[in-house]
> 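This is the structure, below, for whatever I ask next.
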Amino acid sequence: MLYRTFLFLPGVSEKTEFYLWQEGVTHWWKLLETKSLPGVSSGRLYFWQQKLRHVIPFEDNLSFLAQILPKRHHWRLYEKFKNKALFLDIETDGLKKGHNQVTVLGLFDGKNYQAFIAGENLEEGLELLAEASLVITFGGSFFDIPFLKSLYPWLPDPKVHLDLCPLLKRLGFKGGLKRIEKILGLSRPGEVDGLDGFEAVKLWWRWQRRHDAKALEKLVLYNREDVINLKYLAEITYNGLKHLTLTRHVPALTVSSGG
DNA sequence: CACCAGCTATTGAGATATAT
DNA sequence: ATATATCTCAATAGCTGGTG
């Protein structure tokens, strides 16, 4: 999707980009080859080609691309940069930002999962997070990231943050993570099946007050499922949005003739 | 339960291409 | 030149919904 994206050209939004695709200009190098294009003056075409030539040298530079691309379309960067993705989900001892603490920070780089526990090695995880360039969450834009930043203001913003929650909503998948997983046929191990966020809070209490190692173990297992499933969801989200973008019809030319 | 980013719809100004 | 139609883009406001 990155190489067929033209939204960073001045005066190009979704409509014009879709028009370009229809005219056969389906990736960057085809635009450079194009001699003329109906509806686009040669001056403008030349201007676009110059702009594009200035972007191509940065094709591997995630933060540069994120800067020139509207946030709404950052998901297009996933395919090329997913090897740098860090999937994130936190557990806390309550919802109230500023009063509650992070209990478990779960990170998944696509291969390995790691849980960082409050009172043990949480800081280690925070440092890992601070270095991440592409962070992927479910609901992280209104929960995980603000929550973390309120407790640890020194944390830098990730260069790109993909929140799957609003993205999946665009595809028609409404509801919480568990509900969406169920619709998509993802199942969870029996031990943590049916667990919800509030029970994650209670598991932490049990670990704190009674030093019940089983409770912590279960909490981490729960977090692990949350985080690892994010990768599945990210793939589904990317493919879905790609399909939607490529097949969307331009809704302009419909003129009703009475009735 | 408190919170708040992202979504949607709307508006209006400014560009741009094309036909006459 | 003029008129028209289409599109971009920024600003605004209100709303929705999912997080442990």
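Quick caveat: nothing in here was measured; it's all calculated off a predicted structure. Reckoned from all heavy atoms, side chains included, excluding hydrogens, waters and symmetry mates. Residue numbers begin at 1 in each chain, while the letters A, B, ... track the order of the sequences.
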> Between A:Asp226 and A:Lys178, does any side-chain N to carboxylate O distance fall below 4.0 Å?
yes
> What verdict does the ring-ring contact (aromatic ring centres under 6.0 Å, His included) test give for A:Tyr3 and A:Trp29, after you've listed the backbone C-alpha separation in whole Å, the side-chain angles of each residue and the deciding distance to 0.1 Å?
CA-CA 8 Å; A:Tyr3 295 113; A:Trp29 290 271; 5.5 Å; yes
> Please tell me if the side chains of A:Arg53 and A:Gln50 come closer than 4.5 Å, counting only heavy atoms from C-beta onward.
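Yes; the side chains approach each other to less than 4.5 Å.
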> Can you give the first and last nucleotides of DNA chain B, 5' to 3', that have an atom under 4.0 Å from a heavy atom of chain A?
B:dC1 to B:dT18
> Which heavy atom in A:Leu107 sits nearest to a heavy atom in A:Leu129, and how many Å separate them?
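Heavy atoms of A:Leu107 and A:Leu129 come nearest at CD1-N, 4.4 Å.
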> What string of B, S and - do you get for nucleotides 12-20 of chain C, 5' to 3', when a contact is any protein heavy atom under 4.0 Å?
-----SBBB
> Are A:Leu45 and A:Phe18 connected in a single hydrophobic cluster, I mean Ile/Leu/Val/Met/Phe/Trp/Tyr linked by side-chain heavy atoms less than 4.5 Å apart?
yes
> Looking at side-chain heavy atoms only, is the closest gap between A:Trp75 and A:Arg170 below 4.5 Å?
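Yes, their side chains come closer than 4.5 Å.
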> Is there a path of hydrophobic side-chain contacts, each under 4.5 Å between heavy atoms, that joins A:Phe81 and A:Trp28?
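Both belong to a single hydrophobic cluster.
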> Give the rounded distance in Å between these two atoms: OH of A:Tyr19 and P of C:dA5.
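It is 19 Å, rounded to the nearest whole Å.
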> Is it the case that atom NE2 in A:His243 sees more than 12 heavy atoms from other parts of the structure closer than 6.0 Å?
no
> Looking at side-chain heavy atoms only, is the closest gap between A:Glu225 and A:Glu181 below 4.5 Å?
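A side-chain contact under 4.5 Å is absent here.
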> Among side-chain atoms of A:Ser141 and A:His161, is any donor-acceptor pair under 3.5 angstrom?
no
> Between the two ends of the helix from B:dC1-C:dG20 to B:dT20-C:dA1, what is the bend in degrees, rounded to 10 degrees, where each end axis spans five pairs?
30°
> If each of A:Arg72 and A:Lys96 is mapped to the nucleotide of DNA chain B with the nearest heavy atom, which maps nearer the 5' terminus, i.e. the 5' end?
A:Lys96
